[in-house]
Amino acid sequence: MCGRYTIKKNPSDYLRQVFPGIQFDPAFKFQPNENVCPTLEEPVVLNANGVPFCTLLRWGLIPSWSREEKPGTGIINARSETVAEKPSFKASFRRKRCLVPVDGFYEWKKTGVGSKKIPYRFYRKSDPFLLLAGIWDEWERPMGILRTFAILTTAANASIADVHDRMPVILDKKQVDQWLARNEDTSQLSNFFDPEKLPALDREELDKVKSAV
DNA sequence: CCAGACGTTGTT
DNA sequence: GTCTGG
DNA sequence: CCAGACGTTGTT
DNA sequence: GTCTGG
């Protein structure tokens with residue numbers, strides 16, 4: 001799965017290469033973080049009137065129809081296998097897809113010794129960032145609109161399966177335009193979710209994940 | 001038809 | 001063990 | 001997702 | 001909003 005990640009480097013230049021014409025939210029401020037956790041506001045790229053748009057959204061999806069009170073942390077992951085059908089995700093999957101730039105994500109391997117878990121950081125040496133597939137939504141509060149996102153997951157591929165059985169969906173640069181397209185015909189998108197077509201990842205084993213900034 | 005739930009993970 | 005906050 | 005807290009009474 | 005159970 002994907003419940004923690006890193007964004008140590010500013011993704012702006014990378015995003016400008018991948019998305020010529022990308023616009024940045026004037027409110028966008030990059031905060032490096034080696035331990036991004038749910039509820040933080042983090043950079044995503046979404047489609048704003050046909051233009052790739054980088055802005056900050058809160059991690060933990062709160063669907064637009066959520067009732068008042070206690071949406072809590074929201075939903076941090078959505079299974080790619082069922083995202084097109086689940087009532088909670090269907091509308092966002094059709095109309096509000098996004099990309100989450102990260103430079104690593106964490107998975108914890110259970111050791112069987114007590115409840116000890118060893119953290120691993122996965123990343124790709126050949127590319128400074130990974131672009132994760134996400135969906136977002138907006139929830140109208142009394143005090144303004146809260147925009148949130150969730151990261152899609154799929155089965156682990158061979159490069160991480162010994163650590164954990166799920167991983168985030170990582171999109172190739174050739175796929176990201178189609179992912180962001182304002183196209184409600186999502187029938188082709190499930191081709192992006194095949195774990196064995198996702199990149200092989202490099203890893204580092206850690207003693208501890210540095211606490212959130 | 002309306003009312004009520006709507007998720008993932010991991011763990012049991 | 002289980003919940004909450006980040 | 002993990003890390004950290006988790007409670008009451010009475011007395012100072 | 002949209003699906004499921006009754």
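Here is how names work: the chains are called A, B, and so on, in the same order as the sequence lines, proteins then strands, and each is numbered from 1.
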Remember a base hit wins even if backbone is also touched, and classify [X] as base, sugar-phosphate or nothing at under 4.0 Å, heavy atoms.
{"X": "A:Arg94", "value": "sugar-phosphate"}
{"X": "A:Ser92", "value": "nothing"}
{"X": "A:Ser64", "value": "nothing"}
{"X": "A:Tyr5", "value": "nothing"}
{"X": "A:Asp165", "value": "sugar-phosphate"}

Return the value, rounded to whole Å, for the distance between atom [atom1] of [X] and atom [atom2] of [N].
{"X": "A:Glu85", "N": "B:dT8", "atom1": "CD", "atom2": "C1'", "value": "17 Å"}
{"X": "A:Trp59", "N": "B:dT9", "atom1": "CH2", "atom2": "P", "value": "12 Å"}
{"X": "A:Trp139", "N": "B:dG7", "atom1": "CH2", "atom2": "P", "value": "18 Å"}
{"X": "A:Tyr106", "N": "D:dA3", "atom1": "OH", "atom2": "C1'", "value": "14 Å"}
{"X": "A:Ile62", "N": "B:dC6", "atom1": "CD1", "atom2": "C1'", "value": "14 Å"}
{"X": "A:Glu81", "N": "B:dT9", "atom1": "CD", "atom2": "P", "value": "8 Å"}
{"X": "A:Leu152", "N": "B:dT9", "atom1": "CG", "atom2": "C1'", "value": "15 Å"}
{"X": "A:Asn35", "N": "D:dG4", "atom1": "CG", "atom2": "P", "value": "11 Å"}

_I'd like to know whether A:Arg58 forms a salt bridge (Lys or Arg N to Asp or Glu O under 4.0 Å) with A:Glu41, so could you lay out the CA-CA distance, the side-chain angles of the two residues, the decisive distance to 0.1 Å, and finally the verdict._
CA-CA 4 Å; A:Arg58 187 171 168 280; A:Glu41 297 222 319; over 6 Å; no
_Counting Watson-Crick and G-U wobble pairs with both distances under 3.5 Å, what is the dot-bracket string for DNA chain E, 5' to 3', using [ ] for crossing pairs and | for pairs to another strand?_
||||||
Name the closest nucleotide to the [X] side chain, picking from [options].
{"X": "A:Asn77", "options": "B:dT8, B:dG7, D:dC1", "answer": "B:dT8"}
{"X": "A:Lys117", "options": "D:dC2, B:dT9, B:dA5", "answer": "D:dC2"}
{"X": "A:Cys37", "options": "B:dT9, D:dC1, B:dG7", "answer": "D:dC1"}
{"X": "A:Pro38", "options": "B:dG7, D:dC1, B:dT9", "answer": "D:dC1"}
{"X": "A:Trp108", "options": "B:dT8, D:dC2, B:dT9", "answer": "D:dC2"}

*Charged N to carboxylate O under 4.0 angstrom, A:Asp103 versus A:Lys9?*
yes
*Before giving the answer on side-chain contact (heavy atoms from CB on, under 4.5 Å), spell out for A:Phe149 and A:Asp137 the whole-Å C-alpha distance, their side-chain angles and the decisive distance to 0.1 Å.*
CA-CA 7 Å; A:Phe149 71 95; A:Asp137 206 352; over 6 Å; no
*Take atom NZ of A:Lys197 as the centre, draw a 6.0 Å sphere, and report whether it contains more than 12 heavy atoms from other residues, nucleotides or ligands.*
no
*CZ of A:Arg203: more than 12 outside heavy atoms within 6.0 angstrom?*
yes
*asked:* Going by centres under 5.5 angstrom and planes under 30 degrees, do the aromatic ring of A:Trp65 and the base ring of B:dC6 stack?
replied: yes
If I pick the [atom1] atom on [M] and the same atom on [N], what distance separates them, to the nearest angstrom?
{"N": "B:dT9", "M": "C:dC3", "atom1": "C1'", "answer": "16 Å"}
{"N": "D:dC1", "M": "B:dT11", "atom1": "P", "answer": "8 Å"}
{"N": "B:dC6", "M": "D:dT8", "atom1": "P", "answer": "31 Å"}

*Who pairs with A:Trp136 by ring-ring contact (aromatic ring centres under 6.0 Å, His included), at least two apart in sequence or on another chain?*
none
_Among residues at least two apart in sequence or on other chains, which ones pass ring-ring contact (aromatic ring centres under 6.0 Å, His included) with A:Phe129?_
A:Tyr14
Check whether any side-chain nitrogen or oxygen of [X] sits under 4.0 Å from OP1 or OP2 of [N], and answer yes or no.
{"X": "A:Ser66", "N": "B:dA5", "answer": "no"}
{"X": "A:Thr153", "N": "B:dT9", "answer": "yes"}
{"X": "A:Arg79", "N": "B:dG7", "answer": "no"}

*Among pairs that include at least one residue of residues 112-123 of chain A, which meet salt bridge (charged side-chain N to carboxylate O under 4.0 Å, His left out), considering only residues two or more places apart or in two chains?*
A:Arg121-A:Glu204
_With heavy atoms of chain A within less than 4.0 Å as the criterion, where does contact along DNA chain E begin and end?_
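Going 5' to 3' along DNA chain E, contacts run E:dG1 to E:dC3.
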Show every donor-acceptor pair shorter than 3.5 Å between a side-chain atom in residues 151-160 of chain A and any protein atom, with sequence neighbours excluded, or say none if there are none.
| from | atom 1 | to | atom 2 | distance (Å) |
| --- | --- | --- | --- | --- |
| A:Thr153 | OG1 | A:Arg166 | NH2 | 3.2 |
| A:Thr154 | OG1 | A:Phe193 | O | 2.9 |
| A:Asn157 | OD1 | A:Ser159 | N | 3.0 |
| A:Asn157 | OD1 | A:Ser159 | OG | 2.8 |
| A:Asn157 | ND2 | A:Leu198 | O | 3.4 |
| A:Asn157 | ND2 | A:Pro199 | O | 3.0 |
| A:Ser159 | OG | A:Leu201 | N | 3.1 |

*asked:* Do A:Val45 and A:Phe28 land in one hydrophobic cluster if side-chain heavy atoms of ILVMFWY residues count as linked below 4.5 Å?
replied: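 In one cluster: yes.
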*Roughly how far, to the nearest 0.5 Å, is NZ of A:Lys90 from OG of A:Ser92?*
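NZ of A:Lys90 is found 13.0 Å from OG of A:Ser92.
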